[in-house]
S.K.: 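Supplied in C-alpha coordinates, the structure appears directly below.
Computed over heavy atoms, backbone and side chain alike; hydrogens, waters and symmetry mates excluded. This one's a predicted model, so the numbers in the text were calculated from it and none came from an experiment. Residue numbers start from 1 in every chain, and the chains themselves are labelled A, B, ... in the order their sequence lines are given, proteins ahead of strands.
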Amino acid sequence: MQKDTKISVYEVVGSPLCVASNDGQKVHDRLAVALKKARRVVLSFHNVSTMTSAFLNAAIGQLYGTFAEEQIRSQLKVEDIEPQDAALLKRVVDTAKLYFQDRQRFDQAVREVMEDDDDDDA
Amino acid sequence: MRFALPQLIRHDYEGFEALTRLYAHAKDYHLENIEIDLERTRWFDADMCAVFGAILYSLGDNLNTVALVNVLPDVERILSKNGFLSHYGKVNIPDSWETAISYQRFDVTDDRFFSGYIETEFIHRNKLPEMSMGLMKKFRESIFEIFSNAVLHSSTRMGIFSCGQLFPKQSKIDFTVADLGVGIRQNVSEYLEDEISAEQAIIWATEKTNTTKEGPVPGGLGLKLLGEFIDLNGGCLQIASDDGYWRRSNKSSSSLALEYPFPGTVVNIEINTADTLSYILSTDWDVDDIF
(Lines give C-alpha, C1' and ligand atoms only; values in the text may rest on other atoms or scores of the structure.)
Protein backbone atom coordinates (compact mmCIF):
# COMPACT_ATOMS: atom_id res chain seq x y z
CA MET A 1 0.00 0.00 0.00
CA GLN A 2 1.33 3.42 -0.94
CA LYS A 3 2.18 5.80 1.88
CA ASP A 4 0.44 9.16 1.98
CA THR A 5 2.34 12.08 0.45
CA LYS A 6 2.90 14.75 3.07
CA ILE A 7 3.21 18.39 2.06
CA SER A 8 4.21 20.97 4.68
CA VAL A 9 2.73 24.39 3.91
CA TYR A 10 5.34 26.03 6.13
CA GLU A 11 8.14 24.35 4.22
CA VAL A 12 6.75 25.26 0.79
CA VAL A 13 6.09 28.90 1.71
CA GLY A 14 9.12 29.28 3.96
CA SER A 15 7.26 31.42 6.44
CA PRO A 16 4.51 31.14 9.08
CA LEU A 17 2.69 33.95 7.23
CA CYS A 18 0.79 32.29 4.39
CA VAL A 19 -0.85 35.35 2.94
CA ALA A 20 0.17 35.89 -0.69
CA SER A 21 -1.60 34.38 -3.67
CA ASN A 22 1.70 33.47 -5.37
CA ASP A 23 2.76 31.48 -2.29
CA GLY A 24 -0.58 29.68 -2.47
CA GLN A 25 0.17 28.86 -6.10
CA LYS A 26 3.35 27.01 -5.02
CA VAL A 27 1.31 24.84 -2.67
CA HIS A 28 -1.32 24.27 -5.37
CA ASP A 29 1.24 23.14 -7.92
CA ARG A 30 2.51 20.41 -5.60
CA LEU A 31 -1.00 19.32 -4.63
CA ALA A 32 -2.08 19.16 -8.28
CA VAL A 33 0.81 16.89 -9.25
CA ALA A 34 0.07 14.51 -6.37
CA LEU A 35 -3.68 14.43 -7.09
CA LYS A 36 -3.06 13.78 -10.80
CA LYS A 37 -0.90 10.81 -9.82
CA ALA A 38 -3.80 9.54 -7.70
CA ARG A 39 -1.80 9.89 -4.49
CA ARG A 40 -3.39 10.53 -1.12
CA VAL A 41 -2.04 13.76 0.28
CA VAL A 42 -1.78 15.04 3.84
CA LEU A 43 -1.40 18.81 3.85
CA SER A 44 0.22 19.93 7.11
CA PHE A 45 -0.30 23.42 8.50
CA HIS A 46 2.19 22.88 11.32
CA ASN A 47 3.89 26.19 12.30
CA VAL A 48 1.58 28.28 10.10
CA SER A 49 0.35 31.29 12.07
CA THR A 50 -1.61 33.41 9.60
CA MET A 51 -3.49 32.69 6.39
CA THR A 52 -5.64 34.70 4.02
CA SER A 53 -8.46 33.75 1.70
CA ALA A 54 -6.23 34.86 -1.22
CA PHE A 55 -3.58 32.31 -0.22
CA LEU A 56 -6.09 29.50 0.32
CA ASN A 57 -7.98 30.28 -2.89
CA ALA A 58 -4.76 29.88 -4.87
CA ALA A 59 -3.54 26.86 -2.87
CA ILE A 60 -6.74 24.85 -2.56
CA GLY A 61 -9.74 26.71 -4.00
CA GLN A 62 -8.50 26.44 -7.57
CA LEU A 63 -8.23 22.63 -7.27
CA TYR A 64 -12.02 22.57 -7.72
CA GLY A 65 -11.58 23.92 -11.25
CA THR A 66 -9.45 20.91 -12.22
CA PHE A 67 -10.45 18.00 -10.00
CA ALA A 68 -13.83 16.55 -9.07
CA GLU A 69 -15.06 17.28 -5.56
CA GLU A 70 -15.18 13.53 -4.80
CA GLN A 71 -11.56 13.08 -5.86
CA ILE A 72 -10.38 15.96 -3.68
CA ARG A 73 -12.40 14.69 -0.72
CA SER A 74 -11.02 11.16 -1.02
CA GLN A 75 -7.38 12.09 -1.65
CA LEU A 76 -6.74 15.25 0.37
CA LYS A 77 -6.55 15.57 4.15
CA VAL A 78 -5.34 18.41 6.33
CA GLU A 79 -3.61 18.20 9.70
CA ASP A 80 -2.24 20.48 12.40
CA ILE A 81 -4.63 23.24 11.42
CA GLU A 82 -6.02 25.59 14.07
CA PRO A 83 -9.83 25.67 14.38
CA GLN A 84 -9.98 29.32 13.26
CA ASP A 85 -7.91 28.50 10.17
CA ALA A 86 -9.96 25.39 9.45
CA ALA A 87 -13.09 27.56 9.51
CA LEU A 88 -11.49 29.92 6.98
CA LEU A 89 -10.45 27.00 4.77
CA LYS A 90 -14.01 25.64 4.86
CA ARG A 91 -15.34 29.05 3.73
CA VAL A 92 -12.79 29.14 0.91
CA VAL A 93 -13.71 25.63 -0.22
CA ASP A 94 -17.46 26.33 -0.15
CA THR A 95 -16.95 29.60 -2.08
CA ALA A 96 -14.70 27.86 -4.63
CA LYS A 97 -17.38 25.23 -5.31
CA LEU A 98 -19.89 28.02 -5.98
CA TYR A 99 -17.38 29.92 -8.13
CA PHE A 100 -16.77 26.94 -10.40
CA GLN A 101 -20.48 26.08 -10.55
CA ASP A 102 -21.11 29.62 -11.81
CA ARG A 103 -18.21 29.38 -14.21
CA GLN A 104 -19.59 26.12 -15.61
CA ARG A 105 -22.93 27.88 -16.10
CA PHE A 106 -21.11 30.77 -17.76
CA ASP A 107 -19.09 28.48 -20.02
CA GLN A 108 -22.27 26.54 -20.87
CA ALA A 109 -24.04 29.79 -21.79
CA VAL A 110 -21.12 30.85 -24.00
CA ARG A 111 -21.13 27.43 -25.71
CA GLU A 112 -24.87 27.68 -26.33
CA VAL A 113 -24.52 31.16 -27.84
CA MET A 114 -21.71 29.94 -30.09
CA GLU A 115 -23.78 26.91 -31.14
CA ASP A 116 -26.74 29.22 -31.97
CA ASP A 117 -24.41 31.38 -34.07
CA ASP A 118 -23.20 28.26 -35.90
CA ASP A 119 -26.84 27.21 -36.52
CA ASP A 120 -27.64 30.68 -37.89
CA ASP A 121 -24.62 30.53 -40.19
CA ALA A 122 -25.63 27.07 -41.46
CA MET B 1 1.03 76.37 -6.94
CA ARG B 2 -0.18 76.35 -3.36
CA PHE B 3 -3.05 74.32 -1.92
CA ALA B 4 -4.33 74.64 1.63
CA LEU B 5 -5.70 71.76 3.66
CA PRO B 6 -8.61 72.32 6.07
CA GLN B 7 -8.51 72.29 9.89
CA LEU B 8 -9.19 68.61 10.35
CA ILE B 9 -8.08 65.58 8.39
CA ARG B 10 -9.79 62.64 10.00
CA HIS B 11 -10.41 59.19 8.60
CA ASP B 12 -14.00 59.95 7.70
CA TYR B 13 -16.01 61.19 4.73
CA GLU B 14 -14.87 64.79 5.22
CA GLY B 15 -11.23 63.69 5.47
CA PHE B 16 -11.47 61.82 2.17
CA GLU B 17 -13.24 64.81 0.60
CA ALA B 18 -10.42 67.16 1.68
CA LEU B 19 -7.65 64.98 0.26
CA THR B 20 -9.44 64.08 -2.97
CA ARG B 21 -10.17 67.78 -3.52
CA LEU B 22 -6.42 68.44 -3.33
CA TYR B 23 -5.81 65.66 -5.86
CA ALA B 24 -8.50 66.95 -8.23
CA HIS B 25 -6.98 70.43 -8.25
CA ALA B 26 -3.37 69.31 -8.66
CA LYS B 27 -3.52 66.14 -10.75
CA ASP B 28 -3.01 67.80 -14.12
CA TYR B 29 0.13 69.70 -13.13
CA HIS B 30 3.46 68.60 -14.58
CA LEU B 31 6.95 69.80 -13.64
CA GLU B 32 5.53 72.33 -11.17
CA ASN B 33 6.45 73.26 -7.61
CA ILE B 34 3.44 72.31 -5.50
CA GLU B 35 3.21 73.55 -1.92
CA ILE B 36 0.68 71.98 0.42
CA ASP B 37 -0.10 74.52 3.13
CA LEU B 38 -1.03 72.97 6.48
CA GLU B 39 -1.19 76.23 8.41
CA ARG B 40 -4.86 75.72 9.29
CA THR B 41 -4.59 71.97 9.86
CA ARG B 42 -4.82 71.31 13.60
CA TRP B 43 -5.43 67.56 13.49
CA PHE B 44 -4.34 64.86 11.06
CA ASP B 45 -5.34 61.26 11.74
CA ALA B 46 -2.03 59.44 11.37
CA ASP B 47 -3.41 56.53 9.33
CA MET B 48 -4.67 59.02 6.71
CA CYS B 49 -0.98 59.45 5.79
CA ALA B 50 -1.56 56.39 3.58
CA VAL B 51 -4.12 58.37 1.55
CA PHE B 52 -2.15 61.64 1.64
CA GLY B 53 1.06 59.82 0.71
CA ALA B 54 -0.60 58.06 -2.22
CA ILE B 55 -1.89 61.37 -3.58
CA LEU B 56 1.45 63.14 -3.16
CA TYR B 57 3.25 60.20 -4.78
CA SER B 58 0.90 60.44 -7.72
CA LEU B 59 1.66 64.17 -8.04
CA GLY B 60 5.38 63.38 -7.83
CA ASP B 61 4.95 60.87 -10.65
CA ASN B 62 4.13 63.88 -12.86
CA LEU B 63 7.59 65.23 -11.94
CA ASN B 64 6.14 67.88 -9.69
CA THR B 65 8.20 68.93 -6.67
CA VAL B 66 5.95 68.63 -3.64
CA ALA B 67 6.61 70.45 -0.34
CA LEU B 68 4.58 70.56 2.86
CA VAL B 69 4.70 74.03 4.43
CA ASN B 70 3.55 75.71 7.64
CA VAL B 71 3.00 72.42 9.42
CA LEU B 72 1.84 73.15 12.99
CA PRO B 73 3.95 71.54 15.76
CA ASP B 74 1.30 69.04 16.92
CA VAL B 75 0.67 67.82 13.39
CA GLU B 76 4.39 67.79 12.62
CA ARG B 77 4.94 65.57 15.64
CA ILE B 78 2.29 63.07 14.47
CA LEU B 79 3.58 63.00 10.90
CA SER B 80 7.22 62.74 11.98
CA LYS B 81 6.76 59.88 14.45
CA ASN B 82 5.37 57.59 11.77
CA GLY B 83 8.06 58.58 9.27
CA PHE B 84 5.72 60.33 6.84
CA LEU B 85 7.47 63.71 6.82
CA SER B 86 10.86 62.08 6.20
CA HIS B 87 9.60 61.59 2.63
CA TYR B 88 9.27 65.38 2.37
CA GLY B 89 12.60 66.61 3.74
CA LYS B 90 12.00 66.39 7.50
CA VAL B 91 13.63 64.05 10.00
CA ASN B 92 11.90 61.29 11.93
CA ILE B 93 11.46 61.85 15.65
CA PRO B 94 11.44 59.02 18.21
CA ASP B 95 8.03 57.59 19.00
CA SER B 96 8.41 57.58 22.79
CA TRP B 97 4.84 56.34 23.38
CA GLU B 98 5.31 53.59 20.80
CA THR B 99 1.89 54.18 19.31
CA ALA B 100 2.83 55.02 15.71
CA ILE B 101 2.55 52.40 12.96
CA SER B 102 4.98 53.56 10.34
CA TYR B 103 4.06 54.93 6.92
CA GLN B 104 5.31 52.73 4.09
CA ARG B 105 4.98 52.33 0.34
CA PHE B 106 5.03 48.90 -1.29
CA ASP B 107 5.01 47.55 -4.81
CA VAL B 108 2.57 44.76 -5.63
CA THR B 109 5.46 42.30 -5.65
CA ASP B 110 6.49 43.28 -2.10
CA ASP B 111 4.32 40.76 -0.26
CA ARG B 112 7.30 39.46 1.77
CA PHE B 113 8.35 43.01 2.60
CA PHE B 114 4.77 43.77 3.70
CA SER B 115 4.73 40.61 5.86
CA GLY B 116 7.96 41.75 7.54
CA TYR B 117 6.43 45.19 8.14
CA ILE B 118 3.37 43.66 9.83
CA GLU B 119 5.59 41.37 11.91
CA THR B 120 7.64 44.35 13.07
CA GLU B 121 4.64 46.55 13.77
CA PHE B 122 2.30 44.01 15.35
CA ILE B 123 4.20 40.90 16.44
CA HIS B 124 7.66 41.99 17.60
CA ARG B 125 6.49 45.27 19.07
CA ASN B 126 7.18 45.96 22.76
CA LYS B 127 3.93 47.74 23.49
CA LEU B 128 0.58 46.78 22.06
CA PRO B 129 -2.88 47.50 23.42
CA GLU B 130 -3.96 44.55 25.53
CA MET B 131 -5.94 42.25 23.30
CA SER B 132 -6.79 38.58 23.10
CA MET B 133 -4.65 36.23 20.99
CA GLY B 134 -7.72 35.40 18.89
CA LEU B 135 -8.39 39.06 18.17
CA MET B 136 -4.76 39.77 17.33
CA LYS B 137 -4.71 36.86 14.88
CA LYS B 138 -7.97 37.98 13.30
CA PHE B 139 -6.72 41.57 13.01
CA ARG B 140 -3.47 40.49 11.34
CA GLU B 141 -5.42 38.32 8.92
CA SER B 142 -7.67 41.28 8.10
CA ILE B 143 -4.71 43.51 7.29
CA PHE B 144 -3.26 40.85 4.99
CA GLU B 145 -6.68 40.42 3.33
CA ILE B 146 -6.73 44.16 2.60
CA PHE B 147 -3.19 44.09 1.17
CA SER B 148 -3.98 40.96 -0.90
CA ASN B 149 -7.06 42.67 -2.31
CA ALA B 150 -4.91 45.59 -3.43
CA VAL B 151 -2.36 43.24 -4.99
CA LEU B 152 -4.97 41.14 -6.80
CA HIS B 153 -7.37 43.82 -7.98
CA SER B 154 -5.67 47.20 -8.27
CA SER B 155 -3.26 46.58 -11.19
CA THR B 156 -1.33 49.47 -9.70
CA ARG B 157 1.94 50.63 -11.19
CA MET B 158 2.58 53.25 -8.51
CA GLY B 159 2.16 51.14 -5.42
CA ILE B 160 0.33 50.46 -2.21
CA PHE B 161 0.60 52.77 0.81
CA SER B 162 -0.08 51.93 4.44
CA CYS B 163 -0.05 53.60 7.82
CA GLY B 164 -1.70 53.20 11.20
CA GLN B 165 -1.96 54.34 14.77
CA LEU B 166 -2.51 52.66 18.14
CA PHE B 167 -4.78 54.27 20.74
CA PRO B 168 -4.19 52.24 23.93
CA LYS B 169 -6.35 54.45 26.15
CA GLN B 170 -9.26 54.38 23.72
CA SER B 171 -8.76 50.64 23.08
CA LYS B 172 -8.54 50.96 19.33
CA ILE B 173 -6.19 50.52 16.39
CA ASP B 174 -6.58 52.30 13.06
CA PHE B 175 -4.93 51.01 9.92
CA THR B 176 -5.28 52.23 6.34
CA VAL B 177 -4.14 50.79 3.02
CA ALA B 178 -4.39 52.89 -0.14
CA ASP B 179 -3.52 51.83 -3.68
CA LEU B 180 -3.13 53.90 -6.82
CA GLY B 181 -4.88 51.35 -9.01
CA VAL B 182 -7.87 51.10 -11.32
CA GLY B 183 -10.46 51.30 -8.54
CA ILE B 184 -13.48 49.15 -7.75
CA ARG B 185 -15.88 50.94 -10.14
CA GLN B 186 -13.81 50.16 -13.23
CA ASN B 187 -13.27 46.53 -12.21
CA VAL B 188 -16.93 45.89 -11.43
CA SER B 189 -18.25 47.82 -14.46
CA GLU B 190 -15.99 45.82 -16.78
CA TYR B 191 -17.00 42.56 -15.13
CA LEU B 192 -20.74 43.30 -15.25
CA GLU B 193 -20.41 44.95 -18.67
CA ASP B 194 -22.49 47.79 -17.29
CA GLU B 195 -21.42 51.29 -16.26
CA ILE B 196 -22.33 51.62 -12.62
CA SER B 197 -21.50 54.26 -10.03
CA ALA B 198 -18.54 53.86 -7.69
CA GLU B 199 -20.93 53.66 -4.72
CA GLN B 200 -22.89 50.83 -6.37
CA ALA B 201 -19.66 49.07 -7.30
CA ILE B 202 -18.39 49.07 -3.70
CA ILE B 203 -21.74 47.80 -2.46
CA TRP B 204 -21.67 45.02 -5.09
CA ALA B 205 -18.10 44.04 -4.13
CA THR B 206 -18.96 43.78 -0.45
CA GLU B 207 -22.08 41.66 -0.90
CA LYS B 208 -22.47 37.87 -0.90
CA THR B 209 -19.66 36.08 -2.73
CA ASN B 210 -19.52 38.62 -5.57
CA THR B 211 -16.13 38.82 -7.22
CA THR B 212 -14.68 40.30 -10.38
CA LYS B 213 -12.14 37.50 -10.45
CA GLU B 214 -12.13 35.32 -13.53
CA GLY B 215 -9.82 32.47 -14.41
CA PRO B 216 -8.59 29.46 -12.47
CA VAL B 217 -8.20 31.02 -9.01
CA PRO B 218 -11.49 31.79 -7.24
CA GLY B 219 -12.12 34.91 -5.16
CA GLY B 220 -14.92 36.77 -3.51
CA LEU B 221 -14.25 36.36 0.19
CA GLY B 222 -11.79 39.05 1.31
CA LEU B 223 -14.16 42.00 1.79
CA LYS B 224 -16.91 39.76 3.18
CA LEU B 225 -14.56 38.39 5.84
CA LEU B 226 -13.54 41.92 6.77
CA GLY B 227 -17.17 43.01 7.14
CA GLU B 228 -18.03 39.97 9.27
CA PHE B 229 -15.04 40.56 11.53
CA ILE B 230 -15.93 44.21 12.03
CA ASP B 231 -19.53 43.28 12.86
CA LEU B 232 -18.34 40.91 15.59
CA ASN B 233 -15.61 43.23 16.87
CA GLY B 234 -17.65 46.41 17.00
CA GLY B 235 -15.13 48.34 14.93
CA CYS B 236 -15.49 50.18 11.67
CA LEU B 237 -14.58 49.54 8.04
CA GLN B 238 -14.43 52.27 5.40
CA ILE B 239 -13.75 52.06 1.68
CA ALA B 240 -13.15 54.98 -0.66
CA SER B 241 -12.66 54.21 -4.33
CA ASP B 242 -13.04 56.48 -7.32
CA ASP B 243 -15.88 58.79 -6.23
CA GLY B 244 -17.55 56.25 -3.97
CA TYR B 245 -17.41 56.17 -0.18
CA TRP B 246 -18.73 53.27 1.91
CA ARG B 247 -18.72 52.68 5.63
CA ARG B 248 -19.71 49.77 7.84
CA SER B 249 -20.11 49.98 11.61
CA ASN B 250 -22.68 48.74 14.15
CA LYS B 251 -23.63 46.00 11.65
CA SER B 252 -24.95 48.58 9.23
CA SER B 253 -23.56 49.91 5.93
CA SER B 254 -23.95 53.35 4.37
CA SER B 255 -22.53 54.95 1.27
CA LEU B 256 -22.10 58.38 -0.28
CA ALA B 257 -20.63 59.89 -3.42
CA LEU B 258 -17.40 61.86 -3.06
CA GLU B 259 -17.30 65.18 -4.88
CA TYR B 260 -13.88 64.32 -6.33
CA PRO B 261 -12.56 60.81 -7.05
CA PHE B 262 -9.66 59.10 -5.33
CA PRO B 263 -7.30 57.64 -7.99
CA GLY B 264 -7.48 54.09 -6.65
CA THR B 265 -8.91 52.41 -3.57
CA VAL B 266 -8.55 53.06 0.15
CA VAL B 267 -9.54 50.59 2.85
CA ASN B 268 -9.51 51.78 6.45
CA ILE B 269 -10.11 49.45 9.38
CA GLU B 270 -10.61 50.44 12.99
CA ILE B 271 -10.76 47.70 15.59
CA ASN B 272 -11.90 47.68 19.17
CA THR B 273 -9.01 46.10 21.11
CA ALA B 274 -11.11 45.64 24.26
CA ASP B 275 -13.15 42.98 22.45
CA THR B 276 -12.87 39.67 24.33
CA LEU B 277 -14.39 37.34 21.72
CA SER B 278 -12.23 34.29 21.07
CA TYR B 279 -12.92 34.24 17.30
CA ILE B 280 -12.76 30.46 17.39
CA LEU B 281 -15.99 29.69 15.62
CA SER B 282 -18.01 26.73 16.76
CA THR B 283 -18.55 24.38 13.88
CA ASP B 284 -20.97 21.62 13.09
CA TRP B 285 -18.52 19.89 10.78
CA ASP B 286 -15.40 17.85 11.32
CA VAL B 287 -11.99 18.83 9.93
CA ASP B 288 -12.21 15.73 7.70
CA ASP B 289 -15.37 17.17 6.12
CA ILE B 290 -13.77 20.38 4.86
CA PHE B 291 -13.61 19.19 1.29
S.K.: Spell out the residues in residues 41-54 of chain A that have some non-hydrogen atom less than 4.5 Å away from a non-hydrogen atom of chain B, in order of number; otherwise answer 'none'.
M.R.: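 From residues 41-54 of chain A, the residues near chain B are Ser49(A), Thr50(A), Met51(A), Thr52(A), Ser53(A), Ala54(A).
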S.K.: Using the side chain to side chain contact (heavy atoms under 4.5 Å, CB included) rule, take Val267(B) and Thr176(B) through it: C-alpha gap first, then chi angles, then the decisive distance, then the call.
M.R.: CA-CA 6 Å; Val267(B) 180; Thr176(B) 296; over 6 Å; no
S.K.: Which atoms of Asn149(B) are under 4.5 Å from chain A, going by heavy atoms: the side chain, the backbone, both sets, or neither?
M.R.: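 Answer is neither: Asn149(B) stays 4.5 Å or more from chain A.
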S.K.: At a heavy-atom separation under 4.5 Å, does Ile290(B) approach chain A through its side chain, its backbone, both, or neither?
M.R.: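 Its backbone and side chain both get close to chain A.
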S.K.: Select one option (side chain, backbone, both, neither) describing which atoms of Glu70(A) are under 4.5 Å from chain B's heavy atoms.
M.R.: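 For Glu70(A), neither part sits under 4.5 Å from chain B.
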S.K.: Report which part of Ser142(B) has an atom under 4.5 Å of a heavy atom belonging to chain A: side chain, backbone, both, or neither.
M.R.: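 Neither the backbone nor the side chain of Ser142(B) comes within 4.5 Å of chain A.
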S.K.: Distance-only check: which donor-acceptor pairs under 3.5 Å involve side-chain atoms of residues 10-19 of chain A, not counting sequence neighbours?
M.R.:
| residue | atom | partner | partner atom | Å |
| --- | --- | --- | --- | --- |
| Ser15(A) | OG | Leu17(A) | N | 2.9 |

S.K.: Just checking, is any N or O donor in the side chain of Ser254(B) or Arg247(B) under 3.5 Å from an acceptor N or O on the other one?
M.R.: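 Their side chains do not contain a donor-acceptor pair, so the 3.5 Å distance test is not met.
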S.K.: Going by distance alone, is a donor N or O of one side chain under 3.5 Å from an acceptor N or O of the other, for Thr212(B) and Glu190(B)?
M.R.: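 No pair is found: no donor N or O on one side chain lies under 3.5 Å from an acceptor on the other.
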S.K.: Output the option from Leu63(A), Asp23(A), Leu56(A), Thr66(A) having the highest count of non-hydrogen pairs under 4.5 Å with chain B.
M.R.: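 Result: the option with the highest number of such pairs is Asp23(A).
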S.K.: Do Asp288(B) and Lys77(A) have side chains that approach each other closer than 4.5 Å (heavy atoms only, starting at C-beta)?
M.R.: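 Yes; the side chains approach each other to less than 4.5 Å.
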S.K.: In terms of the angle between their ring planes, are Phe114(B) and Phe106(B) parallel, tilted or perpendicular, with boundaries placed at 30° and 60°?
M.R.: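 Ring orientation, 0 to 90° scale: perpendicular.
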S.K.: Report which part of Ser115(B) has an atom under 4.5 Å of a heavy atom belonging to chain A: side chain, backbone, both, or neither.
M.R.: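 Its backbone and side chain both get close to chain A.
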S.K.: Does the side chain of Ser162(B) come under 3.5 Å of the side chain of Gln104(B) through a donor N or O and an acceptor N or O?
M.R.: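 Side-chain D/A pair, Ser162(B) to Gln104(B): absent.
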S.K.: How far apart are the closest heavy atoms of Asp111(B) and Ala20(A), and which atoms are they?
M.R.: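 Taking every non-hydrogen atom into account, OD2-CB, 3.5 Å.
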S.K.: Would you say the side-chain atoms of Gln238(B) and Tyr245(B) include a donor-acceptor pair closer than 3.5 Å?
M.R.: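 Their side chains do contain a donor-acceptor pair, which is all the 3.5 Å distance test asks for.
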S.K.: Heavy-atom distance under 4.5 Å to chain B: side chain of Gln25(A), backbone, both or neither?
M.R.: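 Side chain only.
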S.K.: Please check if any side-chain donor atom of Asp174(B) sits under 3.5 Å from a side-chain acceptor atom of Asn268(B), or the reverse.
M.R.: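 Judged by distance alone, the side chains do not pair up.
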S.K.: Can you tell me which of Lys213(B), Glu141(B), Glu119(B) forms the most heavy-atom pairs within a distance under 4.5 Å of chain A?
M.R.: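 The option with the most such pairs is Glu141(B).
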